[in-house]
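Here's the structure, in structure tokens; my notes come after.
In each ligand, atom 1 is the first atom listed, and ligand 1 is the first ligand listed.
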Amino acid sequence: MKIGIIGLPMVGKTTLFNLLTNSNVEPHSGKIEAVTAIGSIPDERIDYLSSLYNPKKTTYARIEFVDIPALVKGASKGEGSGNSFLNEVRNVDALIHVIRTFDDPALPHVEGDINPLRDFATINDELLFSDLAVIEKRIEKIQSSQKTMKQHGHELPILEKCREVLEEEGNIAQLDLTEDEATLIRGYAFFTQKPLIVVLNLSDDQLKNDQYPEKDEFEAHMLEKEIPFAKVSAAIEMEINQLDEEDKEMFMEELCITEPGINKIARATYKRLGLISFFTVGEDEVRAWTIKSDSPAPKAARAIHTDIERGFIRAEVVAYPALREHGSMKACKEAGLVRLEGKEYLVQDGDIINFRFNV
Ligand SMILES: Nc1nc2c(ncn2[C@@H]2O[C@H](COP(=O)(O)OP(=O)(O)OP(=O)(O)O)[C@@H](O)[C@H]2O)c(=O)[nH]1
Ligand SMILES: [Mg+2]
């Protein structure tokens with residue numbers, strides 16, 4: 001899975017990217033190319049399983065993040081460096097929009113003051129215009145000759161439907177598409193069709209007091225639009241990460257940071273994308289696997305290897321809380337908590353699974 005990080009200039013995109021992926025990209029380099037790196041999603045359940053099995057290798061769930069250059073108001077009309085680079089990152093599965101609420105006189109906000117709802121709308125418009133530009137270009141191309149009309153004319157109705165909803169300031173995600181229509185436009189990878197998660201970058205004080213400018217207005221809008229949002233303080237967390245464990249805990253407590261920002265972001269992302277984790281355990285490896293929720297057992301097995309899906313016989317399943325409570329697989333077996341599940345079983349978040357298969 002690949003998630004693009006977008007937002008206005010100087011909001012903390014690169015700082016967040018570094019935090020999420022443990023990278024070291026220089027902040028505010030004014031780069032206009034996208035940078036990609038992989039982040040491990042912390043999971044206490046994996047920590048525990050790893051302490052139990054002492055495996056050679058421990059693998060957390062992974063998400064690929066892309067630090068996308070800043071968008072500015074009017075970029076779609078050529079302002080700043082324009083937004084043509086956006087077309088190079090259309091292949092992301094979801095977008096994180098970073099909005100800044102921290103105020104720093106040394107780093108003025110591009111719009112002069114802090115207003116998260118305005119910034120949300122500015123970026124939304126840029127995504128909308130960028131999709132619109134792709135659609136208009138395509139329609140023009142199709143209509144340019146009889147030959148292209150004959151070959152691609154059937155795409156016009158759905159493209160026009162998309163154009164219409166964008167012109168009314170809606171997004172393509174809200175269209176009720178038939179399967180055929182969805183297939184026809186899949187290749188365009190429209191931004192306004194992608195799941196969106198908002199990350200607010202707060203100052204340490206704002207995070208501690210859960211207060212920032214225009215908070216009520218902003219949060220009401222997010223709830224109304226059903227957009228998940230997470231509040232973090234990227235720069236502070238970066239600093240805390242450099243400390244040793246003891247100091248880390250002390251600072252987190254002092255700043256009322258109950259959990260690292262990446263956990264909040266991962267949770268919002270998994271929820272928005274309808275994802276869950278299941279685990280495999282053993283002396284070689286303890287590992288988290290990410291799948292769509294409501295996946296039947298053979299489909300979940302596919303995340304590991306298609307052979308296991310093909311040769312699926314049964315799944316031996318223990319729920320994580322049961323293992324945590326009883327302390328070993330043996331004790332779970334004795335307590336009758338290891339279930340044998342068949343093809344129809346829908347894998348649950350936190351299931352520890354041993355697949356039996358035969359190919
Ligand atoms: N005070 C404060 N400064 C921050 C915070 N987050 C980031 N910054 C600072 O803001 C500046 C810009 O941060 P970046 O992470 O480079 O922001 P960006 O959005 O990637 O910026 P561009 O790529 O130039 O658009 C840096 O000097 C950061 O140290 C924060 O939470 N508080
Ligand atoms: Mg940056």
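Under 4.0 Å is where a charged nitrogen must lie from a carboxylate oxygen, and between Asp284 and Lys56 at least one such pair does. Residues Glu219 and Lys231 are paired through a salt bridge, judged by an N-O separation under 4.0 Å between the basic side chain and the carboxylate.
Each of the following atoms of ligand 1 lies closer than 4.0 Å to a heavy atom of Asp104: 1 (N). For ligand 1, the atoms lying closer than 4.0 Å to a non-hydrogen atom of Pro9 are 25 (O). Atoms of ligand 1 lying under 4.0 Å from at least one heavy atom of Ala70, given by number and element, are 25 (O).
At a cut-off of 2.8 Å, Thr14 is counted among the residues with an N, O or S atom near the Mg ion (ligand 2).
Between Phe120 and His97, the ring planes lie parallel to each other; the angle is under 30°, not in the 30° to 60° tilted range. Classified by interplanar angle (parallel below 30°, tilted 30° to 60°, perpendicular above 60°), the ring pair Tyr48/Tyr320 is perpendicular.
Polar contact check, Thr14 against ligand 1: a nitrogen or oxygen pair lies under 3.5 Å apart. Not one N or O of Phe102 is nearer than 3.5 Å to an N or O of ligand 1, by distance alone. Distances between N or O atoms of Ser203 and those of ligand 1 include no value under 3.5 Å. The shortest N or O to N or O distance between Ala234 and ligand 1 is not under 3.5 Å.
At a 4.0 Å heavy-atom cut-off, ligand 1 touches Val11 through backbone and side chain alike. Residue-level proximity to ligand 1 for Ile236 is absent, since no heavy atom of it falls below 4.0 angstrom.
Relative to the ring axis of Tyr188, Arg138 does not place its NZ or CZ within 45° and under 6.0 Å from the centre.
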Report the C-alpha separation of Arg45 and Asp349 in whole Å, then their side-chain angles, then the decisive distance to 0.1 Å, and conclude whether the salt bridge (charged side-chain N to carboxylate O under 4.0 Å, His left out) test is met.
-> CA-CA 11 Å; Arg45 298 171 298 182; Asp349 187 46; 3.2 Å; yes

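Using a 4.5 Å heavy-atom cutoff, the side chains of Arg302 and Ser295 are not in contact.
Proximity annotation for atom 9 (C) of ligand 1: of Ile6, Asn18, Val232, Leu107, Leu107 comes nearest, heavy atoms only.
Counting all heavy atoms, side chain and backbone alike, Ile308 lies closest to Ala301 at CG2-CB, 3.7 Å.
The closest approach between any non-hydrogen atom of Leu202 and ligand 1 is below 4.0 Å.
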